[in-house]
Amino acid sequence: MSGRSERTTGPAVPLDRADRVESVDSATEVFVAHRNLLFTVAYEMLGSAADAEDVLQETWLRWVGVEPGTVREERAYLVRIVTRQALDRMRALGRRKESYVGPWLPEPLLTSPDVAEDVELADSLSMAMLLVLETLTPVERAVFVLREVFELDYDEIAEAVGRSPAAVRQLAYRARAHVAARRPRGTVSPAQTRAALEAFQRAVETGELQSLLDILAPDVVALSDGGGIAHALRRPVVGADEVARLLAGGWWKRDAERSVEPVQINGGPGLLVRLNGQVDGVVAVRVENGYVTGAYHVRNPEKLSRAVRETAVSR
């Protein structure tokens with residue numbers, strides 16, 4: 001249903017204190033019911049869990065101020081608020097990225113195994129896809145996420161982004177073409193993913209060059225994000241030989257006690273790395289056709305809080 005018919009008309013009736021408390025309780029119940037969805041929308045638009053949480057806080061403050069009984073389609077109305085807040089936040093985030101030290105990677109999320117079962121959701125959350133979405137304009141990204149991931153109709157999206165339905169259709173077409181030309185194309189079964197991650201983990205732990213070459217795709221890309229706080233690569237490393245030598249030579253300190261644990265990161269395979277018992281980083285792994293095509297290493301400590309506690313996402 002279009003956002004134009006989400007609110008009913010008629011004069012607002014003042015509430016007494018008891019009614020107001022009941023209204024806030026009701027608003028809270030509705031917001032909590034949709035919270036995971038709203039977080040996922042904001043996160044896919046921003047690539048940052050911290051900023052997504054700020055957007056949810058702003059959304060809640062606006063939602064609780066809405067007069068009771070004036071909203072028919074609560075989900076659509078909340079998505080509209082969160083989208084507008086996320087668009088405002090994207091502009092500020094863009095300025096921060098301009099001064100970011102080294103490559104910027106999305107904030108990794110530890111997710112439950114069932115997220116991987118929703119192939120479309122897992123693909124949209126992946127590091128590789130989030131990096132592709134970074135190449136869209138803010139409005140294109142919002143339209144793509146709302147249409148392709150959350151399957152909103154064009155009228156709803158138009159209300160959310162402040163454009164006409166016809167303009168939204170054009171934005172969606174342009175964004176789809178842009179993403180299709182850049183998104184990873186390979187397919188892989190869960191069994192292949194597990195086998196590839198296990199082989200990658202063994203190769204990383206042993207540092208055996210040939211084992212790494214056996215599991216890495218010829219055009220594999222390794223990216224590292226330290227945010228100027230932790231040591232990280234300053235530029236992407238491309239190609240199996242270069243990435244294998246990087247990993248074999250020690251992407252992490254050799255003089256420290258290291259453990260590598262397989263985890264689900266952003267709905268896909270990943271490794272949680274600890275040095276001397278402390279979380280040192282996360283490697284999200286992209287697997288296509290049984291080979292590792294991408295390794296996204298996040299060491300910035302400001303981005304690691306969600307790597308050790310599970311984040312609920314939905315669509």
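The distance from the NE2 atom of H231 to the OG atom of S224 is 7.5 Å, given to the nearest 0.5 Å. Atom OG of S112 sits about 4.5 Å away from atom CD of E310, to the nearest 0.5 Å. If you take CG on L209 and CG on L247, they are separated by 10.0 Å, rounding to the nearest 0.5 Å. Rounded to the nearest 0.5 Å, atoms CD (E261) and CG (L271) are 9.5 Å apart. One distance of note links CZ of R163 with OH of Y154; it measures 15.5 Å at 0.5 Å rounding. Annotation: the span from E242 atom CD to L246 atom CG amounts to 9.0 Å, rounded to 0.5 Å.
When side chains are defined from C-beta on, T83 does not count as touching I157, because their heavy atoms never get closer than 4.5 Å. Side-chain contact between I265 and T111: absent, with no pair of heavy atoms (C-beta onward) separated by less than 4.5 Å. Side-chain contact between L152 and V79: present, with at least one pair of heavy atoms (C-beta onward) separated by less than 4.5 Å. Proximity of L133 to V179: side-chain heavy atoms (C-beta onward) are separated by under 4.5 Å at one or more points. The shortest side-chain heavy-atom distance between D225 and H297 does not fall under the 4.5 Å cut-off. V287 has its side chain out of reach of F200: every pair of non-hydrogen atoms, C-beta onward, lies at least 4.5 Å apart. Side-chain contact check for V115 versus L121: some heavy-atom pair is nearer than 4.5 Å. Looking at L125 and L130, their side chains never come closer than 4.5 Å, going by heavy atoms from C-beta outward.
Residue-environment remark: CD (E302) stays at or below the threshold of 12 foreign heavy atoms within 6.0 Å. Other residues, nucleotides and ligands contribute only 12 or fewer heavy atoms inside 6.0 Å of the OH atom of Y291. Heavy atoms from other residues, nucleotides or ligands lying under 6.0 Å from OH of Y173 number 12 at most. Counting non-hydrogen atoms of other residues, nucleotides and ligands closer than 6.0 Å to CD of E74 gives a total above 12.
Distance alone, capped at 3.5 Å, places no donor-acceptor pair between the Q201 side chain and the E198 backbone. Of the possible donor and acceptor atoms, one in the side chain of K303 sits under 3.5 Å from a partner among the backbone N and O of L105. Of the possible donor and acceptor atoms, none in the side chain of R274 sits under 3.5 Å from a partner among the backbone N and O of G281. Without hydrogens or angle criteria, N266 side chain to L109 main chain gives a donor-acceptor distance under 3.5 Å. Formation of a donor-acceptor pair under 3.5 Å by the E159 side chain with backbone atoms of R80 is not found in this model.
For the residue pair A52 and A42, the shortest heavy atom distance occurs at CB-CB, 3.8 Å. Closest heavy-atom contact between V161 and A142: CG1-CB, 4.0 Å. For the pair L304 and V298, the tightest heavy-atom approach, listed with the atom from each and the gap, is CD2-O, 3.5 Å. The nearest pair of heavy atoms linking A128 to Y296 is CB-OH, 3.6 Å. The heavy-atom pair separating L212 from A248 by the smallest distance is CD1-N, 3.7 Å. Shortest non-hydrogen contact noted between L197 and P269 is CD2-CB, 3.8 Å.
A salt bridge is defined here as a Lys NZ or Arg NE, NH1 or NH2 lying under 4.0 Å from an Asp or Glu carboxylate O, and D280 with R258 fails to meet this definition. Between D214 and R202 there is no salt bridge, since no side-chain N of the basic residue sits under 4.0 Å from a carboxylate O of the acidic one. Looking at K97 and E134, a side-chain N of the basic residue comes within less than 4.0 Å of a carboxylate O on the acidic one, giving a salt bridge. A salt bridge does not link E58 with R84: every distance from a Lys NZ or Arg NE/NH1/NH2 to an Asp or Glu carboxylate oxygen is 4.0 Å or more.
A cation-pi contact, defined as under 6.0 Å to the ring centre and within 45° of the axis, is absent between R176 and F144.
Cluster membership check: V237 does not share its hydrophobic cluster with L213, using side-chain heavy-atom separations under 4.5 Å among Ile, Leu, Val, Met, Phe, Trp and Tyr. Under the 4.5 Å side-chain contact rule for hydrophobic residues, L61 and Y77 share a cluster. The cluster map of Ile, Leu, Val, Met, Phe, Trp and Tyr, joined by side-chain heavy atoms under 4.5 Å apart, puts V66 and L38 in the same cluster. W104 and V238 fall into different hydrophobic clusters, where Ile, Leu, Val, Met, Phe, Trp and Tyr are joined by side-chain heavy atoms under 4.5 Å apart, directly or via other members. F39 and L146 fall within a single hydrophobic cluster, where Ile, Leu, Val, Met, Phe, Trp and Tyr are joined by side-chain heavy atoms under 4.5 Å apart, directly or via other members.
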Apply side chain to side chain contact (heavy atoms under 4.5 Å, CB included) to the pair V168 and D155, showing each step before the final yes or no.
CA-CA 8 Å; V168 166; D155 287 344; over 6 Å; no

Before you tell me yes or no, could you show the steps for V30 and L78 under side chain to side chain contact (heavy atoms under 4.5 Å, CB included), namely the whole-Å CA-CA distance, both residues' side-chain angles and the distance that decides it to 0.1 Å?
CA-CA 10 Å; V30 172; L78 283 165; 4.1 Å; yes

Going through the distances and angles, do R306 and T311 end up as a side-chain hydrogen bond (donor to acceptor under 3.5 Å, both in side chains)?
CA-CA 7 Å; R306 296 279 180 148; T311 297; 3.1 Å; yes

Applying side-chain hydrogen bond (donor to acceptor under 3.5 Å, both in side chains), run through E148 and S124 and close with a yes or a no.
CA-CA 9 Å; E148 300 301 312; S124 70; over 6 Å; no

Mind running side chain to side chain contact (heavy atoms under 4.5 Å, CB included) on R183 and M129 for me, showing each step along the way?
CA-CA 6 Å; R183 74 190 306 168; M129 176 57 79; 3.0 Å; yes

Quick one: do E53 and Q57 satisfy side-chain hydrogen bond (donor to acceptor under 3.5 Å, both in side chains)? Show the steps, please.
CA-CA 6 Å; E53 289 291 354; Q57 180 65 25; over 6 Å; no

Start with the C-alpha distance between D153 and R147, add both sets of side-chain angles, then the distance that settles salt bridge (charged side-chain N to carboxylate O under 4.0 Å, His left out), and finish with yes or no.
CA-CA 7 Å; D153 65 39; R147 180 64 182 172; over 6 Å; no

Might you work through the side-chain hydrogen bond (donor to acceptor under 3.5 Å, both in side chains) test for R182 and H178, ending with a clear yes or no?
CA-CA 7 Å; R182 293 163 176 80; H178 184 94; 3.3 Å; yes

Would L46 and L93 count as a side chain to side chain contact (heavy atoms under 4.5 Å, CB included) here? Give the steps.
CA-CA 8 Å; L46 300 168; L93 191 56; 4.1 Å; yes

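In summary, of the residues considered (L87, T59, T40), a side-chain contact (heavy atoms from CB on, under 4.5 Å) with V82 occurs for T59 alone. For the side-chain contact (heavy atoms from CB on, under 4.5 Å) with D51, the qualifying choice from R96, E107, Q85, M45 is R96, the only one to do so.
The aromatic ring centres of W63 and F31 sit 6.0 Å or more apart.
Among residues two or more places apart in sequence or in another chain, the salt bridge (charged side-chain N to carboxylate O under 4.0 Å, His left out) test is passed with D118 by R315.
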